[in-house]
Amino acid sequence: VQLQAFGGGLVQAGGSLRLSCEASGRTFSSYTMGWFRQAPGKEREFVAIISWINWRGGTTSYADSVKGRFTISADSAKNTVYLQMNSLKPEDAAVYYCALDSRQAGQYDYWGQGTQVTVSS
């Protein structure tokens, strides 16, 4: 399985970006896809996840810091997960990674390469 994340860039505070993560190589009927981020000098942190069970899904969860501003969604037909980020703040700047928990075991066994998000104040 390969995950490719893209959509990052430079945006002013208050602006929006949409990240995409495309999965290829295999399909899973039940899985969890997550977005994580890591800022310079900080540990990687959870941002949002979306889960499917037997091709039905849409259960989501968010970090408190992004609730109400970020929305995770998915297009199963395209094997793609999105992260819509609105009202961006300078503290949202980080490298964003998507990850796949293919067994829904709480461990992410596949990771994308990361996409940089920069927010200017």
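Keep in mind it's a predicted model, so treat the numbers as computed, not measured.
Figure legend: R44 and W35 shown without cation-pi pairing, the cationic atom not lying both under 6.0 angstrom from the six-membered ring centre and within 45 degrees of its axis.
Between D92 and K89 no salt bridge is recorded (no basic side-chain N to carboxylate O distance below 4.0 Å). The pair K78-E22 does not meet the salt-bridge criterion, since no charged nitrogen lies less than 4.0 angstrom from a carboxylate oxygen.
No side-chain heavy atom of T115 sits less than 4.5 Å from a side-chain heavy atom of V95. Using a 4.5 Å cut-off on side-chain heavy atoms (C-beta onward), S51 and Y31 make no contact. Contact annotation: the side chain of V1 approaches that of L100 to within less than 4.5 Å [non-hydrogen atoms, C-beta and beyond]. Considering only heavy atoms from C-beta on, T71 stays 4.5 Å or farther from L83 through its side chain. F70 has its side chain out of reach of I72: every pair of non-hydrogen atoms, C-beta onward, lies at least 4.5 Å apart. Contact check for W52 versus T59: no side-chain heavy atoms found under the 4.5 Å cut-off. Within the 4.5 Å cutoff, the side chain of Y96 has no heavy atoms near those of the F36 side chain.
Minimum heavy-atom separation, L3 to C21: CB-SG, 4.0 Å. Taking each heavy atom of R69 and S87 in turn, the nearest pair found is NH1-O, 2.9 Å. When all heavy atoms of S65 and R37 are compared, the closest pair comes out as OG-NH2, 3.5 Å. Minimum interatomic distance between S121 and P90 (heavy atoms only, all atoms of both residues): CB-CG, 3.8 Å. Nearest heavy atoms, Y110 versus S102: CE1-OG, 4.0 Å. When every heavy atom of Y108 is checked against every heavy atom of D101, the shortest pair comes out as CD2-N, 3.5 Å.
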Candidate pair L10 and Q116, rule side-chain contact (heavy atoms from CB on, under 4.5 Å), full reasoning: CA-CA 8 Å; L10 171 64; Q116 177 73 51; over 6 Å; no
Step-by-step side chain to side chain donor-acceptor pair (under 3.5 Å) determination, S120 to Q12: CA-CA 5 Å; S120 62; Q12 288 187 334; 4.9 Å; no
Pair L17-L88, side-chain contact (heavy atoms from CB on, under 4.5 Å): steps then yes or no: CA-CA 8 Å; L17 281 174; L88 282 161; 4.2 Å; yes
Derivation of the side-chain contact (heavy atoms from CB on, under 4.5 Å) call for Y62 and V47: CA-CA 6 Å; Y62 298 91; V47 176; over 6 Å; no
From CA spacing to verdict: side-chain contact (heavy atoms from CB on, under 4.5 Å), V117, M85: CA-CA 10 Å; V117 172; M85 305 186 294; 3.8 Å; yes
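Between Y82 and R18, the side chains place no donor N or O within less than 3.5 Å of an acceptor N or O (distance only, hydrogens not considered). In this structure, a donor-acceptor pair under 3.5 Å is absent between the side chains of Q107 and D109.
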